[in-house]
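Report on one structure; see the data block that follows.
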Amino acid sequence: MQDRFQRTIEYVRISVTDRCNLRCRYCMPEQGVRKMCHEDILRFDEILRIVRALAALGVRKVRLTGGEPLVRKGILDLIREIRRVRGIEVISLTTNGVLLPEMAADLRAAGLDFVNVSLDSLDEETFSFLTRRPLLGRVEEGLRALEEAGFRDTKLNCVPLIGVNEDDVLKLAELAREKPMKVRYIELMPVGCAYEAGLRGMPMDEVRRRLQEAFGAFSPVRQEKSLRGPAEYVQPAGFAGQLGFIDAMGHKFCQTCNRIRLTAEGFLKLCLHAGTGLDARELLRTGADDRALMEALSQAIYNKPAEHHFLEAGGKQDSRYMYQVGG
Ligand code: SAM
Ligand code: SF4
């Protein structure tokens, strides 16, 4: 369906848990994380009702995220069930990769199409500092497991931070030179504890400049318009894969935004950084039938905000942390 700005909404990101086996400094505090209780989190049957209603409204792609989606018990069953929903064409998952060594093959068998792995550093020390866990080896093993399981077009996501993982900008790009994968750079967003942790993101223009200096000039690769994400891709000469840039701080992708988000506790968020949305859990748990659910969802989607407000002081921002929203 279209919102009031004629944007076609066809992609939902679903956070299936607020829990995580890492503690990335820009995302989740080490201590004092308030865990949602079991009853607060949407049950799978509730998620499926919402997915079916959204599919009937024109949503074609589901991404599962978290917290860390692979720590949610029964995630394979959820994927199998979403696979059966008529209208859903693509199911993907964003993970930190720690549990992929044992789960990659089962994820494939359950019907998952694509995986994005968040990996900010290929250096053990930097990885352990940033995630507060010494688990780089697991993620690397997980990447191999994805390949062996037959996953293609895997994407790596990196948040470049000033003075922390600057060297990884080039090191990660080398992976895309060798293999047909996409390495994407995401600008740090001032959400949750990112700034409290004293971290500063590298501006995307600086990331681009360093890559061009190392690999030569590049220009954008044309992308299919349908179901695309916010990244702009380039393919430097001699690269098997591509590099992607997500300029989160500008308003570059708001005008063509095709997505909505469902938090683990069932709040339909219409923009990553606006508090407005719909308490879908309340609706479900007070007995709304499918028609009432669809009406509420379509009205909420119609009113999706024009753009985010990262750069404004005060106002319409949301106080949720990234691990509560799913990125
Ligand atoms: N745990 C999974 C993972 O790390 O891929 C999924 C959830 S995580 C919240 C999703 C994405 O959000 C990750 O790629 C992470 O790097 C990104 N992220 C978290 N906090 C961020 C921030 N403040 N700015 C930009 N990206 C952020
Ligand atoms: Fe966990 Fe992902 Fe947040 Fe890191 S970015 S703490 S892996 S939810």
Side-chain angles (χ1 to χ4, degrees), residues 13-33 35-36 62-72 75 92-100 103 107 114-121 126-136 138-139 142-143 146 154-162 164-165 168 172 182-204 207 229-231 244-250 253 259 261-264 269 272-273 308 310-311 317-327:
R13 296 176 68 102
I14 302 178
S15 171
V16 293
T17 180
D18 63 330
R19 311 214 169 176
C20 189
N21 43 8
L22 297 183
R23 288 287 180 279
C24 302
R25 287 176 190 270
Y26 52 71
C27 177
M28 207 168 178
E30 170 75 300
Q31 306 285 344
V33 179
K35 285 188 187 142
M36 291 173 202
V62 173
R63 173 174 300 282
L64 300 174
T65 174
E68 171 49 40
L70 298 185
V71 304
R72 172 97 191 237
I75 188 77
S92 52
L93 175 123
T94 299
T95 172
N96 60 33
V98 169
L99 293 174
L100 284 176
M103 293 183 74
L107 287 164
F114 300 108
V115 182
N116 289 5
V117 180
S118 303
L119 179 57
D120 293 328
S121 182
T126 311
F127 181 96
S128 303
F129 166 76
L130 257 180
T131 64
R132 301 188 179 104
R133 302 288 184 270
L135 296 172
L136 174 62
R138 298 270 316 168
V139 183
L143 289 174
L146 282 179
T154 296
K155 298 186 182 98
L156 291 189
N157 290 338
C158 166
V159 180
L161 300 163
I162 293 172
V164 181
N165 60 346
D168 287 289
L172 286 162
K182 291 189 170 112
V183 171
R184 313 190 313 167
Y185 303 93
I186 305 174
E187 212 163 18
L188 183 73
M189 291 173 249
V191 183
C193 53
Y195 277 28
E196 289 157 32
L199 299 169
R200 293 289 175 269
M202 282 175 75
M204 263 313 113
V207 173
F245 305 97
I246 301 183
D247 296 72
M249 296 297 290
F253 49 71
R259 62 188 56 196
R261 294 174 162 81
L262 185 66
T263 69
K269 264 177 81 72
L272 177 59
H273 208 49
H308 69 65
F310 283 136
L311 302 172
Q317 308 204 351
D318 186 11
S319 58
R320 289 179 178 88
Y321 284 78
M322 206 63 133
Y323 70 88
Q324 295 167 320
V325 178

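Values below: every heavy atom of this structure, side chains too, minus hydrogens, waters and symmetry copies. Counting starts at 1 for both ligands and their atoms, in listed order.
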[X] versus [Y], closest heavy-atom pair with distance:
X: E187; Y: M202; answer: CG-O, 4.1 Å
X: L135; Y: N21; answer: CD1-O, 4.4 Å
X: S15; Y: G67; answer: OG-N, 4.3 Å
X: C158; Y: P160; answer: O-CD, 3.3 Å

Any idea which atoms of ligand 1 are less than 4.0 Å away from a heavy-atom of [X]?
X: A194; value: 23 (N)
X: E187; value: 25 (C)
X: V159; value: 16 (O), 26 (N)
X: T95; value: 2 (C), 3 (C), 5 (O)
X: T94; value: 2 (C), 5 (O), 6 (C)
X: N96; value: 2 (C), 3 (C), 5 (O)
X: G67; value: 1 (N), 2 (C), 6 (C), 7 (C)

Problem - Heteroatoms of the protein, restricted to N/O/S, which lie under 2.8 Å from atom 4 (Fe) of ligand 2 - result: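 Listed by chain and number: C24 SG.
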Passing option when [X] is tested against [options] for side chain to side chain contact (heavy atoms under 4.5 Å, CB included):
X: V16; options: V71, I75, L70; result: I75
X: F127; options: N165, D168, L119; result: L119
X: V117; options: T94, N157, V98, L143; result: L143

Evaluate the side-chain proximity of [Y] to [X]: yes if any heavy-atom separation is below 4.5 Å, no if none is.
X: L161; Y: L130; answer: yes
X: V164; Y: T126; answer: yes
X: R63; Y: N116; answer: yes

May I ask you to check if ligand 1 and [X] share an N or O to N or O distance below 3.5 Å?
X: E68; result: yes
X: T65; result: no
X: M189; result: yes
X: D120; result: no

Practice task
Out of S15, C20, S118, P69, indicate the one that has the non-hydrogen atom closest to atom 4 (O) of ligand 1.
Solution key: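 Comparing heavy atoms across S15, C20, S118, P69, the nearest one to atom 4 (O) of ligand 1 lies in S118.
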Practice task
Report, in ascending order of atom number, the atoms of ligand 2 lying under 4.0 Å from any heavy atom of G67.
Solution key: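 With G67 as reference, the close atoms of ligand 2 come out as 8 (S).
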Problem - Donor-acceptor under 3.5 Å (R25 side chain, F129 main chain) - result: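 Yes, because the side chain of R25 sits within donor-acceptor range (under 3.5 Å) of the backbone of F129.
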Problem - T17 versus E68, side-chain donor and acceptor atoms under 3.5 Å - result: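 Distance-only check fails for E68 and T17.
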Problem - side chain to side chain contact (heavy atoms under 4.5 Å, CB included) partners for R200, two or more places apart - result: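 Partners of R200 under the side chain to side chain contact (heavy atoms under 4.5 Å, CB included) test: I162, Y195.
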Problem - Side chain, backbone, both or neither: the part of L188 lying under 4.0 Å from ligand 1 by heavy atom - result: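 Answer for L188: both.
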